[in-house]
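The block underneath contains the structure these notes are about, expressed in structure tokens.
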Number of protein chains: 2
Amino acid sequence: MPETKQRATIEAVHAALRADLITGVHPPGERLKFAPLCERYGASVSVVREALTRLEQQGLVESEPRIGFRVRQVSVEDLDDLTETRIDVETLALRHAIEHGDIDWETALVAAHHRLERTAMLSDDDPPQLRDDWESAHVAFHDALLAGCTRRWLLGMARTLRDAGEFYRRLSQVHEPDRDVAGEHRGLLDAALARDADEATRLLREHYERTAAIVRDALE
Amino acid sequence: MPETKQRATIEAVHAALRADLITGVHPPGERLKFAPLCERYGASVSVVREALTRLEQQGLVESEPRIGFRVRQVSVEDLDDLTETRIDVETLALRHAIEHGDIDWETALVAAHHRLERTAMLSDDDPPQLRDDWESAHVAFHDALLAGCTRRWLLGMARTLRDAGEFYRRLSQVHEPDRDVAGEHRGLLDAALARDADEATRLLREHYERTAAIVRDALE
DNA sequence: TGTGCAGGAATATTCGAATATCTGTTGAAC
DNA sequence: GTTCAACAGATATTCGAATATTCCTGCACA
């Protein structure tokens with residue numbers, strides 16, 4: 001790679017910063033000063049600033065004008081609020097998807113589930129960590145689940161909330177051995193294919209509440 | 001005012017641009033080029049850019065990287081999508097407000113309703129226009145209605161959707177003489193104070209659907 | 001000891017120029 | 001006549017410096 005001195009694009013910095021936030025490189029509450037960030041991501045202040053602005057709208061960082069940006073503060077109350085809202089919104093989207101999803105939606109969903117099922121969840125490290133490829137397969141599955149919903153505004157809301165939720169989930173890379181995550185996903189798939197909206201939304205709610213409970217424990 | 005040559009703040013440009021978008025100064029689909037915007041708002045590209053970025057997240061403008069920004073395209077489909085989503089989300093928030101709102105909430109709500117009731121809706125122009133002070137009293141009333149909801153994430157979603165809806169509503173400054181808007185607001189107030197969530201959400205739904213229908217007609 | 005007020009260091013914000021990218025047009029080759 | 005390349009003008013994007021604001025430290029004064 002012969003000295004690819006690229007200019008920093010906002011897209012790239014935004015993605016990198018977002019990844020660092022979600023994976024906990026910058027812990028909650030930490031001040032995000034421009035100088036270090038420019039250094040770390042090889043960009044100028046303008047680019048960093050715009051990335052931060054976007055992340056603020058997505059709820060990953062917060063800012064006070066003239067003071068600066070900081071990583072979003074987390075709390076049990078906020079987690080509970082977020083979880084409930086997320087369940088409410090995703091439930092609406094899922095119900096809509098189940099009612100309106102076509103054969104393409106079903107097919108993509110089955111495909112996404114297959115990949116998730118066949119991807120190992122934990123790494124070989126000690127303590128074991130959630131594998132990156134499992135993480136992305138997981139996100140892709142939940143995306144596919146909602147993809148049948150044609151209401152773009154609703155999907156937009158759901159996506160924002162998911163990002164914020166991801167923030168919490170990664171914060172506490174906790175694994176609960178007793179939990180049958182694969183089974184939960186299988187159940188969601190089956191209910192969706194059976195077009196059983198009540199059952200699917202019930203499972204979705206449980207799925208998120210269980211995850212939230214784990215994160216809550218880790219937080220306290 | 002002795003030559004107050006202020007630097008342009010992002011806050012100010014964002015607010016001004018948002019107001020211009022909502023009131024239709026820049027029609028939907030119009031390209032928003034930097035040079036004219038900088039001129040109009042007396043700011044440099046950086047601040048205009050950040051304002052546009054924020055408005056994009058709020059759904060008022062859309063952008064394609066490296067191409068530029070434009071005023072959000074409107075369509076009947078998008079309006080319907082938005083309206084439904086807004087009803088769904090606000091319904092959740094209203095229900096929560098009615099269940100959890102305290103005496104302060106009630107008091108503020110009564111106050112907001114009083115101001116709305118005592119403000120004239122239409123100007124003396126021909127054709128009559130919605131008066132600015134009525135508009136703000138109207139927004140304030142709907143804000144007060146949801147303010148009892150303590151779920152911040154849910155409120156954030158509702159606020160974003162309201163902004164986008166406002167965009168449509170102002171787009172078509174249509175007035176329907178037969179409609180008893182004041183009565184609709186009175187009904188909402190009464191149901192909220194009576195803590196009748198079912199009735200209140202039903203009224204809210206009708207209120208928005210009626211507005212959407214008018215906008216839809218104007219759009220076609 | 002406490003309070004308030006410089007003054008300077010640290011930091012965010014804004015600016016305008018430099019750079020990269022896109023878009024449309026012209027002209028040559030086929 | 002059509003296609004493609006090269007150029008030029010328009011425009012978005014990025015940069016780094018200039019400016020404004022906040023924060024901190026130390027000193028005078030009560």
Side-chain angles (χ1 to χ4, degrees), chain A residues 1-21 25-73, chain B residues 1-21 25-73:
Chain A
M1 207 179 288
E3 180 64 23
T4 53
K5 181 168 186 181
Q6 273 182 308
R7 290 184 113 195
T9 72
I10 286 189
E11 208 56 46
V13 174
H14 175 257
L17 191 45
R18 176 174 170 282
D20 282 351
L21 286 168
V25 171
H26 308 289
E30 181 183 289
R31 276 201 66 184
L32 293 166
K33 294 191 249 190
F34 282 99
L37 291 181
C38 292
E39 173 101 17
R40 178 177 174 97
Y41 301 104
S44 74
V45 284
S46 332
V47 178
V48 170
R49 171 167 252 282
E50 180 155 340
L52 285 170
T53 304
R54 283 165 63 167
L55 289 164
E56 182 182 15
Q57 302 272 334
Q58 296 171 338
L60 293 185
V61 310
E62 52 195 9
S63 83
E64 283 195 271
R66 312 244 148 222
I67 305 296
F69 292 82
R70 57 178 58 241
V71 184
R72 188 187 169 75
Q73 289 285 6
Chain B
M1 207 181 290
E3 181 65 24
T4 52
K5 182 168 184 179
Q6 273 181 308
R7 292 183 111 193
T9 72
I10 287 189
E11 207 56 46
V13 174
H14 175 258
L17 191 45
R18 177 174 169 281
D20 283 350
L21 286 168
V25 170
H26 308 289
E30 181 184 288
R31 276 202 65 185
L32 294 165
K33 294 191 248 190
F34 281 100
L37 292 180
C38 292
E39 174 102 19
R40 178 176 175 95
Y41 301 104
S44 73
V45 284
S46 329
V47 292
V48 170
R49 171 166 251 282
E50 180 156 340
L52 285 170
T53 303
R54 283 165 62 167
L55 289 164
E56 183 183 15
Q57 303 273 334
Q58 297 171 339
L60 293 184
V61 310
E62 51 195 9
S63 84
E64 285 194 88
R66 311 246 147 222
I67 307 295
F69 292 82
R70 57 178 59 242
V71 184
R72 190 189 165 78
Q73 290 284 8

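Predicted, not measured: the structure shown is a model, and the values here were computed from it. Throughout, a chain's letter reflects where its sequence line sits, starting with A, and its residues are numbered from 1.
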- prompt: Between Leu52(B) (CG) and dT11(D) (P), how many Å, whole number?
  reply: 15 Å
query: Should we say atom CD of Glu39(A) is surrounded by more than 12 heavy atoms from elsewhere, each under 6.0 Å from it?
result: no
- request: Any chance you could measure Leu60(B), atom CG, to Asp20(B), atom CG, to the nearest 0.5 Å?
  value: 11.5 Å
- prompt: Hey, is the side chain of Arg49(B) poking within less than 4.0 Å of OP1 or OP2 on dT13(C), counting only N and O atoms?
  reply: no
message: Looking only at the side chain of Phe69(A) (C-beta and beyond, no hydrogens), which of the listed nucleotides dA12(C), dT13(C), dT14(C) gets closest?
response: dT13(C)
message: Would Glu50(B) and Arg49(A) count as a salt bridge (Lys or Arg N to Asp or Glu O under 4.0 Å) here? Give the steps.
response: CA-CA 9 Å; Glu50(B) 180 156 340; Arg49(A) 171 167 252 282; 2.7 Å; yes
message: Tell me the interatomic distance from Leu37(A), atom CG, to dC15(D), atom P, rounded to whole angstroms.
response: 14 Å
- prompt: What is the distance from CD of Glu11(B) to P of dA12(C), rounded to the nearest Å?
  reply: 18 Å
- request: Could you work out which one of dT22(D), dT14(D), dC15(C) sits closest to the side chain of Ile10(A)?
  value: dT14(D)
field: Least distance between heavy atoms, Thr53(B) atom then Phe69(B) atom
entry: N-CE2, 4.2 Å
task: Only stems of 3 or more consecutive Watson-Crick or G-U pairs count here, both distances under 3.5 Å; name the ones for DNA chain D, or none.
output: C:1-30 with D:1-30
message: Taking the side chain as everything from C-beta on, heavy atoms only, tell me whether Arg72(A) gets closer than 4.5 Å to Gln58(A).
response: no
- prompt: What is the distance, rounded to the nearest whole Å, between atom CZ of Phe34(A) and atom C1' of dG16(D)?
  reply: 14 Å
- request: Among the candidates dC15(C), dA12(C), dT14(D), find the nucleotide nearest to the side-chain atoms of Lys33(A).
  value: dA12(C)
Electrostatic pair Glu11(A)-Arg54(A), nearest N-O below 4.0 angstrom: yes
message: Please report the distance, rounded to the nearest Å, between CZ in Arg66(B) and P in dC22(C).
response: 7 Å
- prompt: Where the side chain of Val45(B) is defined as all heavy atoms beyond and including C-beta, which of dT11(C), dT11(D), dG16(C) is the nearest nucleotide?
  reply: dG16(C)
query: Between atom CD in Glu56(A) and atom P in dA12(C), what is the gap in whole Å?
result: 14 Å
message: Pick the closest DNA chain D nucleotide for Ser46(A) and for Pro65(A) by heavy atoms, then say which residue is nearer the 5' end.
response: Ser46(A)
- prompt: Whole Å only: how far is the CZ atom of Arg70(A) from the C1' atom of dC23(D)?
  reply: 14 Å
- prompt: In terms of heavy-atom contacts, does CD of Glu64(A) have more than 12 from other residues, nucleotides or ligands at under 6.0 Å?
  reply: no
Distance in angstrom units between Glu39(B) CD and dC15(C) C1', rounded: 16 Å
query: Counting just side-chain N and O atoms, does Arg31(B) come under 4.0 Å of either OP1 or OP2 of dT11(D)?
result: no
